[in-house]
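As structure tokens, the structure follows; a few thoughts come after it.
Everything numeric here is computed off the predicted structure, so don't read it as measured data. What's counted below: heavy atoms across the whole structure, side chains too, no hydrogens, waters or symmetry copies.
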Amino acid sequence: MVFIGWVILVLGAWVFWRGVSERKSKSKLKTTGVIFASLFILLMGIGFTNYDASDNDQTVETTKAQTAKNDAAKASSKKAKAAKLASSRAESKRLASKKAKSEKAKAKSEKSEKAAASSKAKSESVAASSKAESESIVASSKSESERIAQSTASSKAAASEQRAASASASVAQSQSVAESNRHASIAASQSQQQANQAAEQAQTPASTSGYKRDYRGRWHRPNGQYASKVEIAQAGLPW
């Protein structure tokens, strides 16, 4: 439009110049018409030029407004991106904190499980040690009881052998005395009776420490209850 306006202006100026330069050769009326036509053409050119300038101004304003709008949109987009990035960072921090808490809870749980396992192992070890100690005590007590029983049996066997030897000696002595004479036989009989009494006294000690023996050979405590082999052995009495 600017170009057309300038072309019209040049054309109007040319027509005006021709009209002025040829006014002497032409009539006054024709010259006046040419001048008015040239002025009209000049006005048209000025109008086109001004319209194009205003249009350019409007275009510039529109361009500026669009640029400002685009800048605002870019700024808004940048703000949105920054907000989204901040939100993403906050979410990442939250997830990292949650993961750290989860790992901390897991480590604490594993530590508790290890402590429980250690306590259980320690309890089992203590129980096994106590059981072994109890079994050792029972075995020792059983061994001691067997030893006492063997000692009592040995004492009883020795007493029986002593009685048998004493009886054999008494019988031999009585036979020898009987062969010698009747008086010796009587004396031997008396000696045998004395030996039997001595054997009975040896079988039943004078001091029984309060224990009594029934007709079946079982020992009783002073309160009437049956006495054990250990008690009888400790009292020095034959079972």
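Ser92 places a side-chain N or O within 3.5 Å of a backbone atom of Ser88 that can act as its donor or acceptor partner. Remark: the backbone N or O of Ala121 is not paired with any side-chain donor or acceptor of Ser125 at under 3.5 angstrom.
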**Item:** Residues Glu103, Lys106; criterion salt bridge (Lys or Arg N to Asp or Glu O under 4.0 Å); working and verdict
**Value:** CA-CA 5 Å; Glu103 290 179 353; Lys106 185 178 179 181; over 6 Å; no

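Of the inter-residue distances, the one linking Lys104 atom NZ with Lys111 atom NZ reads 11.0 Å to the nearest 0.5 angstrom. Distance OG/Ser109 to NZ/Lys114: 11.0 Å, rounded to 0.5 Å. Separating the CD atom in Glu231 from the CD1 atom in Ile148 is a distance of 11.0 Å, to the nearest 0.5 Å.
Between Ala227 and Ile232, the shortest heavy-atom contact is CB-CD1, 3.8 Å. Taking every heavy atom of both residues into account, Gly210 and Pro222 meet most closely at O-CG, 3.4 Å. In terms of heavy atoms, Ala235 sits closest to Tyr211 at CB-CE1, 4.0 Å.
In terms of the ring pair (Phe, Tyr, Trp, His ring centres under 6.0 Å) criterion, residue partners of Tyr226 (sequence neighbours excluded) are, by chain and number, His220.
Environment of CD in Glu146: crowded, with over 12 heavy atoms of neighbouring residues, nucleotides or ligands closer than 6.0 Å.
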Could you go through residues 70-85 and list every donor-acceptor pair under 3.5 Å that involves a side-chain atom there, pairing it with any protein atom two or more places apart or in another chain?
residue, atom, partner, partner atom, Å
Asn70, OD1, Gln66, NE2, 3.4
Asn70, ND2, Gln66, O, 3.1

